Structures are given as C-alpha cells and as structure tokens.
Number of protein chains: 2
Amino acid sequence: MIKSGKRSSSAVEDYLERIQELIDSKGYARVVDIALSLGISQASVTNMVKRLDAEGFVKHERYRGLILTDEGRAIARAVIDRHRILTEFLRLLGISESEVERDVEGMEHHLSSSSLGAIESLCRELTSNRELLQKVRSGMK
Amino acid sequence: MIKSGKRSSSAVEDYLERIQELIDSKGYARVVDIALSLGISQASVTNMVKRLDAEGFVKHERYRGLILTDEGRAIARAVIDRHRILTEFLRLLGISESEVERDVEGMEHHLSSSSLGAIESLCRELTSNRELLQKVRSGMK
DNA sequence: TAAAGAAATTAGCCAAGGCTAATTTTTATG
DNA sequence: CATAAAAATTAGCCTTGGCTAATTTCTTTA
C-alpha cells in the first residue's frame, strides 16, 4: 500500500528538492545551508523545516542537519527529475540559459508524469535527429 | 515607450484570462460571472477586481461588468495564447484531457515567449509529420 | 411602483510563506 | 575552559488570496 500522495505545495517541493541537492553535493543540509541556497532568511527556513518534519518529509537534528524520509526523498527525486528533463528540453530548443532557469523553476511543479514521459520521449527524438532539431529551431519566430 | 511589464501574479493572470474569455463568449463579465466561472466566492472576486482596477488592468462598473484596459487585454491575450499552445502541445503528445487541463493551468504562467515560440514551432512540426508523432508517442513509458 | 430577488460589497476571519530583530543554544577557538 | 562566533529559534509583523455571514445596492417583475 502506497502512501497517499498528499499533493505538496510548490514551496514544499522547492525545499525538498534543494535539501536533496545539498545532501548530494555537500553531504548535509542544515537550516543555514538551505537558507543561503534558496536565498531566504534562516527564520523562514526554520518555520518550514518544522512543517516538513511535522508532515513526515524530513527528520531534523539541530546543528546536525536534515535527512529526508522515504516519502520526502520520493518527492525530491520526482521534482529533480522534472527539473532535469524540462531543462534538457528547453536547452535543446535553444532557449537562453537564464530563460531556461526561470521557466523551469516555474513549470517544474506543474507537470504530470504522463507529460513528463512525453517530453522525455521528445527529447530523445530531438537528440537523435539533428535535422529535425534544426527544422524546429529555424521555425521559431 | 512600452509600459513597464510589472510581472503580474498567477492569480491576476487567471482573472484577466477568464474575464477576456467571458467577454468573448457572452459579451460581458460581471463579478458574479467571474466567480461562477472560476469557482470562487463573489466576495473574493470583488476584492480582486478592486485590485485589478487600482492597478489599471480593468475598468469596473457595478452591475454592468468589467472591461479590460489595453494593458489588461495585452496580458489576457498573452495568457490565452500560452494556454492555447500548451494545450495543443500536450494534446498532440497524447496526454489525457484532464491531465492536459491540470498541467496547462499550472504551467501557463511560467512560460517565456521564447519557450512559447519554440513549442509552437515544435507543434507545427509534429502536426505535419505524423510519422514523427507516432515515434514520439510510442517512446513514452 | 413596491417588493422580491440578484448582484455587489463590507467586515472579519484564515493559512501559506515570506520578513526583521532579538534571543537562545551549540560549536569552535584563543 | 571561557568566550566569541555560528546556527537556530522565537516573537511579531506583512502580503496574497481565499472564505463566510451580513448588509447594501440595483434590477426586475407582479
């Protein structure tokens, strides 16, 4: 039996994504690290961490850092996946790096896995078919 | 000299989009029409309409309805465009109608015009090249 | 044209997520 | 090992954008 799913907010997804990335890159994620990385205040992070802990997405040990629960990690992984694929997609289409970032950050919380799978397939096709890619790119106004 | 741009919120964009659609379809958009159409309370709409009016996106006449200013109409048109193209895109990829709707509603506020143009071009290609479309669709897990 | 009904507004509330300033707790260092 | 520095928390505030209930204003109709 799979845990409910609970549709988490964009903010929650952003936090979980960043926490996982911090753990992957530096081995730990403390309140201060998250705050710096997201560009928000430590106080705001403390609040959200309380919520994430209460809702079972993370376990927090003061001054030690956070770890993600299975559920939290599943969400983080899903968001990171959507992020990666959307980024690849827009880059393939020749969108400028700064726009890719803005667009992806906005869209990554609103993509069903069906749509994600379709875009992934499209990326494969665009990657293996340069002629097609050229054609698409040249058709942009 | 073009007016600043002002990056309006998703909520503002949703309202302007819906107001324009109501005007297009029934000729007018009153508070009650917007409330019914968005599935929220009249009181909430009254509040937002005050804001939209104060910020110069609409003109409101009680019991008569709203009209969009040039600026409001420009935003509405842009959102409706993004909506239309994203919808076409996901439909082409074979996503189910309900998922198309959910995904588009979420994503339509976060798409730059570059990305929009690219997706538009991609739609043209997918439409005129059924073989490609088949290939992409069959590559989805 | 007066009264019923529809439309709109007001008042007061709530939750999510931000913020700063002040304080507490832990770690690290001279 | 005392204390400075770093990390975390608390308290209190703000904005956005919802809500309900009560009230007001306009329109419609008997």
Side-chain angles (χ1 to χ4, degrees), chain A residues 6-19 22-23 25-68 72 75-76 79 102 105-106 108-110, chain B residues 6-19 22-23 25-68 72 75-76 79 102 105-106 108-110:
Chain A
K6 281 195 212 154
R7 178 43 176 147
S8 29
S9 72
S10 297
V12 166
E13 290 190 353
D14 279 333
Y15 273 90
L16 295 176
E17 177 183 24
R18 198 54 62 95
I19 290 164
L22 283 167
I23 289 173
S25 69
K26 34 190 291 183
Y28 56 90
R30 299 165 306 170
V31 167
V32 66
D33 303 309
I34 300 166
L36 283 175
S37 171
L38 288 176
I40 61 187
S41 73
Q42 288 188 30
S44 299
V45 175
T46 291
N47 276 328
M48 179 58 96
V49 164
K50 261 192 293 192
R51 257 186 65 195
L52 295 177
D53 200 315
E55 292 180 20
F57 296 128
V58 305
K59 290 294 166 204
H60 183 211
E61 230 175 303
R62 287 166 148 225
Y63 301 93
R64 284 270 161 299
L66 309 186
I67 57 171
L68 293 162
I75 294 173
V79 178
R102 264 211 320 282
E105 308 253 310
E108 67 183 346
H109 307 293
H110 307 279
Chain B
K6 281 195 213 151
R7 178 44 176 147
S8 29
S9 74
S10 297
V12 166
E13 290 190 352
D14 279 333
Y15 274 90
L16 295 176
E17 177 184 24
R18 198 53 62 97
I19 291 164
L22 284 167
I23 290 173
S25 68
K26 35 190 290 185
Y28 56 90
R30 299 165 306 171
V31 167
V32 68
D33 304 308
I34 300 166
L36 283 175
S37 171
L38 288 176
I40 62 186
S41 73
Q42 288 189 31
S44 299
V45 175
T46 291
N47 275 328
M48 180 58 96
V49 164
K50 261 191 294 190
R51 255 185 68 193
L52 296 176
D53 199 316
E55 292 181 20
F57 296 128
V58 305
K59 290 296 165 202
H60 182 210
E61 229 174 303
R62 287 164 148 226
Y63 302 91
R64 282 272 163 297
L66 309 187
I67 56 171
L68 293 162
I75 294 174
V79 178
R102 263 212 320 283
E105 308 252 309
E108 66 183 348
H109 307 293
H110 306 279

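Just so you know, these numbers come straight off a predicted model, no measurement behind them. We name chains A, B, ... by the order of the sequence lines, and we start the count at 1 in each one.
- Within the 4.5 Å cutoff, the side chain of Val45(A) has heavy atoms near those of the Tyr15(A) side chain.
- For the segment residues 33-41 of chain B, no residue has any heavy atom less than 4.0 angstrom from an atom of DNA chain C.
- To the nearest angstrom, P of dC19(C) lies 11 Å from CD of Gln42(A).
- Rounded to whole angstrom, the span from the OH atom of Tyr28(B) across to the P atom of dA7(C) amounts to 9 Å.
- Of the candidate nucleotides dA8(C), dA8(D), dG18(C), dG18(C) has the atom nearest to the side chain of Ala11(A).
- Distance, Arg30(B) CZ to dT9(C) C1': 15 Å, rounded to whole Å.
- Residue Asn47(A) contributes atom CG, which lies 13 Å from atom P of dT20(C) at whole-angstrom precision.
- Within the 4.0 Å cut-off from OP1 or OP2 of dC19(D), at least one side-chain nitrogen or oxygen of Ser44(B) is found.
- In this structure, the CE atom of Met48(A) is 17 Å from the P atom of dA8(D), given to the nearest Å.
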Item to complete: Would you please test Val12(B) and Met48(B) for side chain to side chain contact (heavy atoms under 4.5 Å, CB included) and show each step?
Response: CA-CA 8 Å; Val12(B) 166; Met48(B) 180 58 96; 4.2 Å; yes
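- Side-chain contact check for Val79(A) versus Leu16(A): every heavy-atom pair is 4.5 Å or farther apart.
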Discussion item. Base contacts versus sugar-phosphate-only contacts with protein, heavy atoms under 4.0 Å: please encode nucleotides 23-30 of chain D as B, S and - from 5' to 3'.
Written reply: --BSS---
Which donor-acceptor pairs under 3.5 Å do the side chains of residues 53-62 of chain A make with protein atoms, sequence neighbours left out?
residue  : atom : partner  : partner atom : Å
Asp53(A) : OD2  : His60(A) : N            : 3.2

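- The distance between atom NE2 of His60(A) and atom P of dT26(C), rounded to the nearest whole Å, is 12 Å.
- Using a 4.5 Å cut-off on side-chain heavy atoms (C-beta onward), Ile34(B) and Leu66(B) make contact.
- You'll find that the side chain of Ala43(B) is closest to dA11(C), out of dA7(D), dA21(C), dA11(C).
- With rounding to the nearest 0.5 angstrom, the OG atom of Ser37(A) is 10.0 Å from the CD1 atom of Ile19(A).
- With sequence neighbours left out, Glu17(B) forms a salt bridge (charged side-chain N to carboxylate O under 4.0 Å, His left out) with no residue at all.
- Annotation: ring pair (Phe, Tyr, Trp, His ring centres under 6.0 Å) contacts of His109(B) (sequence neighbours excluded): none.
- Within the structure, a side-chain polar atom (N or O) of Lys50(B) is placed less than 4.0 Å from OP1 or OP2 of dT10(C).
- One interatomic measurement links the two molecules: CD of Glu61(A) to C1' of dT27(C), which rounds to 15 Å at whole-angstrom precision.
- Listed by first and then second residue, the salt bridge (Lys or Arg N to Asp or Glu O under 4.0 Å) pairs involving residues 32-41 of chain A are Lys26(A)-Asp33(A), Arg30(A)-Asp33(A) (not counting sequence neighbours).
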